[in-house]
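When reading the values below, keep in mind they use all heavy atoms of this one structure, side chains included, and skip hydrogens, waters and symmetry mates.
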Amino acid sequence: MVTPPARKVMVVADPTPHSAAALQYALSHALLEQDELILLHVENQFTWKSTLTTFLRRPSLSSGAGASASAMVPTFGPDWTSTDVNFLEQMKYACEIAQPKIPVRIEKVDMDGKDKAHVIISKSKDLGIDLIIVGQKRSLSSAILGYKRTSGNIKGPKLLDTIEHLIEHSPCNCVAVQKKGQNGGYILNSKTQKNFWLLA
């Protein structure tokens, strides 16, 4: 059996539930044993004015050694409210528990006044990334109306704009992940697949 080539997989990491869902998807469905995982956080000084309330919960260490990666994927929620907790280190810890053979590293980059999507694309080129995974939060209106926005509308959702740009312009494959409830699987969007429902 031929072993697939090693890939560099990047998850865009933020202290949000949709970013946590993207990491869950990466750990349970996207990563292979020979891959490397990069957690990229795009820092924006204005973001840190708000209190961080959603962090990773440490997974139980009592699980059997034979547990599957999907069974060991940690759950995420607003259990930890201390702003002293470094969510990136918690994400890395969760990855090491769920996929101990996969190397994980943290990368931070400052927006420096630039658009977030362009910063992510530039960093992915520098690092030679093969796959970008980003969490997607869709409002009820966008879920009903779809992705198309009125031409010239500059007041569209910033997050949606960033994800659209990443999907369309990334030098590698980019998958946007939206979690459907606790056990409802994932809705995936990429350049070739729109609203693909992957069961848990």
Side-chain angles (χ1 to χ4, degrees), residues 6-27 29-31 35-56 76 83 85-95 102-139 142 147-149 151-179 186-194:
R7 302 174 303 164
K8 289 184 178 180
V9 178
M10 174 190 287
V11 173
V12 179
D14 295 298
T16 59
H18 44 277
S19 180
L23 182 59
Q24 283 182 308
Y25 165 77
L27 292 172
H29 292 87
L31 286 162
D35 292 340
E36 178 186 7
L37 176 61
I38 293 99
L39 302 175
L40 176 70
H41 177 59
V42 180
E43 295 183 307
N44 183 348
Q45 59 179 338
F46 300 109
T47 302
W48 298 103
K49 291 182 180 180
S50 61
T51 303
L52 306 180
T53 58
T54 304
F55 296 94
L56 307 177
F76 305 85
T83 55
V85 177
N86 185 325
F87 75 93
L88 286 170
E89 290 297 334
Q90 292 304 317
M91 281 187 162
K92 183 178 180 183
Y93 172 82
C95 295
I102 294 178
V104 183
R105 62 183 161 116
I106 294 171
E107 292 281 346
K108 298 178 185 179
V109 61
D110 200 308
M111 285 183 68
D112 197 24
K114 298 176 184 175
D115 179 78
K116 184 174 182 177
H118 286 92
V119 172
I120 293 171
I121 289 174
S122 176
K123 192 66 176 179
S124 69
K125 289 178 179 177
D126 293 343
L127 297 175
I129 298 300
D130 298 293
L131 172 64
I132 298 173
I133 300 174
V134 59
Q136 181 174 29
K137 179 182 179 183
R138 294 175 64 193
S139 65
S142 67
Y147 291 92
K148 293 183 179 179
R149 290 177 286 109
S151 179
N153 177 15
I154 60 174
K155 296 182 180 180
K158 185 90 174 179
L159 179 61
L160 194 60
D161 289 346
T162 298
I163 291 173
E164 284 181 341
H165 190 91
L166 284 173
I167 290 173
E168 294 301 321
H169 301 286
S170 293
C172 59
N173 191 27
C174 176
V175 179
V177 178
Q178 179 196 8
K179 191 169 177 61
Y186 303 91
I187 298 294
L188 308 179
N189 282 284
S190 66
K191 191 175 286 188
T192 56
Q193 291 180 319
K194 301 298 180 185

For the residue pair [X] and [Y], establish whether any side-chain heavy-atom pair is separated by less than 4.5 Å.
| X | Y | result |
| --- | --- | --- |
| Pro103 | Leu37 | no |
| Leu188 | Val177 | yes |
| His18 | Lys179 | no |
| Asn189 | Ile167 | yes |
| Leu166 | Ile121 | yes |
| Arg105 | Glu36 | yes |
| Cys172 | Leu131 | no |
| Leu39 | Lys92 | yes |

Ring centers of His169, His118 separated by less than 6.0 Å: no
Might you work through the side chain to side chain contact (heavy atoms under 4.5 Å, CB included) test for Ile132 and Val175, ending with a clear yes or no? CA-CA 6 Å; Ile132 298 173; Val175 179; over 6 Å; no
Check for a donor-acceptor pair, side chain of Asp112 on one end and backbone N or O of Lys114 on the other, with a separation under 3.5 Å. no
Check whether any side-chain N or O of Asp35 sits under 3.5 Å from a backbone N or O of Arg7 as a donor-acceptor pair, and report yes or no. yes
Say you draw a straight line from [atom1] of [X] to [atom2] of [Y]; how long is it, rounded to the nearest 0.5 Å?
| X | Y | atom1 | atom2 | result |
| --- | --- | --- | --- | --- |
| Lys191 | Ser170 | NZ | OG | 7.5 Å |
| Lys123 | Ile120 | NZ | CD1 | 12.0 Å |
| Asp115 | Asp161 | CG | CG | 8.5 Å |
| Asn173 | Ser190 | CG | OG | 5.5 Å |
| Ile163 | Gln136 | CD1 | CD | 4.5 Å |
| Tyr25 | Leu31 | OH | CG | 9.5 Å |

What's the shortest heavy-atom distance between [X] and [Y], and which atoms?
| X | Y | result |
| --- | --- | --- |
| Ala13 | His41 | O-ND1, 2.8 Å |
| Val134 | Cys174 | CG1-SG, 4.2 Å |
| Ala21 | Tyr186 | O-CE2, 3.7 Å |
| Lys8 | Ile129 | O-CG2, 3.5 Å |
| Lys125 | Pro171 | CG-CG, 3.6 Å |
| Ile106 | Glu89 | CD1-OE2, 3.7 Å |

Could you please spell out the steps behind the side chain to side chain contact (heavy atoms under 4.5 Å, CB included) verdict for Leu127 and Met10? CA-CA 9 Å; Leu127 297 175; Met10 174 190 287; 4.0 Å; yes
Got a salt bridge between Lys137 and Asp14, using NZ or NE/NH1/NH2 to carboxylate O under 4.0 Å? no
